[in-house]
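Structure record follows, encoded as structure tokens.
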2 protein chains.
Amino acid sequence: MNKPSNTVTYSKCNLRGFCIPAGLNDKDYARIDELITVRQRVQRGHYLFRNGDKFSSLYAIRSGFFKTCVATKDGREQVSGFQMAGEITGLDGIVKSEHSCDAIALEDAEVCVIKYESVLKVAQEMDVFQHHMYKILSREIVRSASVMLHLGSLRAEERVATFLLDLTQRLQARGFSESEIVLRMTREEIGSYLGLKLETVSRTFSKFARDGTLAVKQRHIRIHKPEELMRIANHQFCH
Amino acid sequence: MNKPSNTVTYSKCNLRGFCIPAGLNDKDYARIDELITVRQRVQRGHYLFRNGDKFSSLYAIRSGFFKTCVATKDGREQVSGFQMAGEITGLDGIVKSEHSCDAIALEDAEVCVIKYESVLKVAQEMDVFQHHMYKILSREIVRSASVMLHLGSLRAEERVATFLLDLTQRLQARGFSESEIVLRMTREEIGSYLGLKLETVSRTFSKFARDGTLAVKQRHIRIHKPEELMRIANHQFCH
DNA sequence: CGAATTGTTGATATATCTCAACAATAGTGG
DNA sequence: CCACTATTGTTGAGATATATCAACAATTCG
């Protein structure tokens with residue numbers, strides 16, 4: 001008998017190895033299927049969750065692109081991350097049982113809803129899965145530290161170069177081209193993430209284009225000299 | 001029979017409620033004692049772990065004060081956090097089985113070494129503890145997002161004010177005065193954490209002192225008008 | 001097609017950095 | 001305990017990277 005179409009079987013997910021561990025045996029995959037949940041569509045511009053929402057689930061992104069934002073009381077907003085297919089979002093909600101940021105779809109998206117209760121249960125039964133969950137959380141902590149380094153110590157060109165390299169690496173791991181990116185976010189969102197104003201992001205793209213490092217056409221970026229981007233990202237300026 | 005003096009019994013730790021959940025029953029505390037490990041002293045200025053070190057343990061801080069730093073290849077350094085008694089450090093190491101930052105004692109310190117393997121084991125047996133661990137990781141993720149907001153969107157005075165408020169809150173939760181702080185770190189370390197130069201930190205302290213918001217004498221800070229600090233931290237400038 | 005959004009570029013402003021001198025404190029060794 | 005040195009902190013003057021303001025171009029959307 002077929003499952004209803006709004007449920008999802010993890011063990012058959014083509015993103016195996018991203019959200020969930022790869023290389024398990026059938027029995028373990030069967031257990032992971034206990035995490036089984038509904039899928040949920042999120043339209044572009046819509047919220048997956050908001051700051052203050054009650055936390056009950058994590059979200060594994062099947063398709064689409066999200067941003068997470070934190071805001072100050074006076075309305076200034078900071079993009080704290082971008083999430084793509086195969087990544088997990090919602091981890092911020094665990095500590096206080098409510099979300100502490102907004103997650104917004106930058107394009108039409110689909111997520112797997114994973115009840116946190118099920119996570120606790122499966123992790124308790126399955127060593128590998130528990131370790132995997134800790135790894136996912138730890139990865140986010142390491143990523144954050146790296147973003148702090150950018151925001152606190154790097155210059156505009158270094159930030160933009162690192163941002164592009166990070167994106168290409170993540171896209172490449174998912175089978176996309178390493179030289180051609182279609183940005184899902186505006187200059188303003190990139191700027192917010194990098195602690196720069198949108199004009200500075202735009203100017204930096206233009207400078208890289210002038211130097212022949214890449215070609216920019218709106219949100220389409222073609223990287224001609226990845227080694228040059230790496231040089232800039234690694235701060236080997238000569239001045 | 002007494003345990004050797006370099007071992008520690010969690011259930012009797014006076015920091016109960018910080019590193020580990022409060023309000024458990026005796027049986028659960030007994031299990032948590034399975035996390036039992038050696039204590040380790042770390043002298044001021046010494047490393048608890050370094051970027052690249054093999055990861056095997058988490059560290060619960062019993063006394064003392066630490067900073068964690070990430071560095072760029074060309075030697076620039078960014079302080080990614082300050083940790084005090086009752087907090088856990090080393091979480092960055094889980095994802096790659098090696099540490100990705102340096103942890104350095106800012107004063108003579110003592111930590112409880114908690115084998116990660118034991119964490120996995122106890123978490124598997126004890127629902128509450130597993131949830132507690134996820135909360136600790138989640139808290140760090142939320143804290144990071146808040147730091148990103150500071151680094152990316154806030155002005156120098158806002159950053160310093162928020163930094164001082166955060167410190168006082170954490171110290172207050174541990175029974176210290178809410179109006180008197182002894183900083184464990186240099187202006188340079190504060191600046192690095194906040195994405196400012198040490199001179200800017202110093203000038204901001206001086207400005208707060210001129211305004212009567214606080215008194216500064218080297219690393220001794222006495223906060224006279226916490227409400228003023230909160231006003232500044234919440235960005236209610238009038239300009 | 002027209003309006004709204006997004007992106008580019010220039011001119012100018014400014015918050016913070018840099019450089020520098022000096023003061024205060026802490027650490028060291030005789 | 002007292003110099004003596006290194007480290008840390010303060011303050012000023014000037015430099016600069018990035019922000020701000022503004023005009024316009026390109027694109028998207030209804």
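Only a predicted model underlies this, so the values are computations on that prediction, with no experimental measurement involved. The chains referred to below are lettered A, B, ... by the order of the sequence lines, with proteins before strands, and numbering in each begins at 1.
If you measure from atom CG of A:Leu194 to atom C1' of D:dA19, you get 15 Å, rounded to the nearest angstrom. Between B:Arg184 atom CZ and D:dT7 atom C1' there is a gap of 18 Å when expressed in whole angstrom units. With rounding to whole Å, B:Glu157 atom CD is found 16 Å from C:dT14 atom P. For the pair B:Phe208 CZ and D:dG9 P, the computed distance is 17 Å after rounding to whole Å. Per the geometry, NZ belonging to B:Lys207 stands 16 Å off C1' belonging to D:dT11, to the nearest Å. As a whole-Å value, the separation of A:Glu188 CD from D:dT20 P is 11 Å. Distance B:Arg155 CZ to D:dT20 C1': 13 Å, rounded to the nearest Å.
We find that A:Glu87 and A:Arg139 are not joined by a salt bridge, their nearest charged nitrogen and carboxylate oxygen being 4.0 Å or further apart.
Between A:Ser138 and B:Asp92, the closest heavy-atom pair is OG-O, 3.4 Å.
The ring-ring contact (aromatic ring centres under 6.0 Å, His included) pairs that include a residue from residues 38-61 of chain B are B:Phe49-B:Tyr59, B:Phe49-B:His99, B:Phe55-B:His99, B:Phe55-B:Tyr116, where partners are two or more places apart or lie in different chains.
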For nucleotides 25-30 of chain D, just jot down a letter per nucleotide in 5' to 3' order: B, S or -, based on protein non-hydrogen atoms under 4.0 Å. --S-S-

Per-nucleotide protein contact string for nucleotides 17-23 of chain C, where B marks a base within reach and S marks sugar-phosphate only (heavy atoms under 4.0 Å, - for neither): SBB----

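Between B:Arg187 and D:dT10 there is a side-chain polar atom (N or O) within less than 4.0 angstrom of OP1 or OP2. Proximity of B:Ser206 to the phosphate of D:dT11: a side-chain N or O atom is located under 4.0 Å from OP1 or OP2.
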Could you go through residues 193-202 of chain B and list every donor-acceptor pair under 3.5 Å that involves a side-chain atom there, pairing it with any protein atom two or more places apart or in another chain?
| unit_1 | atom_1 | unit_2 | atom_2 | d |
| --- | --- | --- | --- | --- |
| B:Tyr193 | OH | B:Arg143 | NH1 | 3.0 |

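With hydrogens and angles left out, the side-chain atoms of B:Glu77 and B:Ser192 include no donor and acceptor closer than 3.5 Å. Remark: the A:Ser153 side chain and the B:Gln78 side chain contain an N/O donor-acceptor pair separated by less than 3.5 Å.
Residues meeting the side-chain hydrogen bond (donor to acceptor under 3.5 Å, both in side chains) test with B:Arg203, sequence neighbours left out: none. Partners of B:Lys225 under the side-chain hydrogen bond (donor to acceptor under 3.5 Å, both in side chains) rule, at least two apart in sequence or in another chain, do not exist in this structure.
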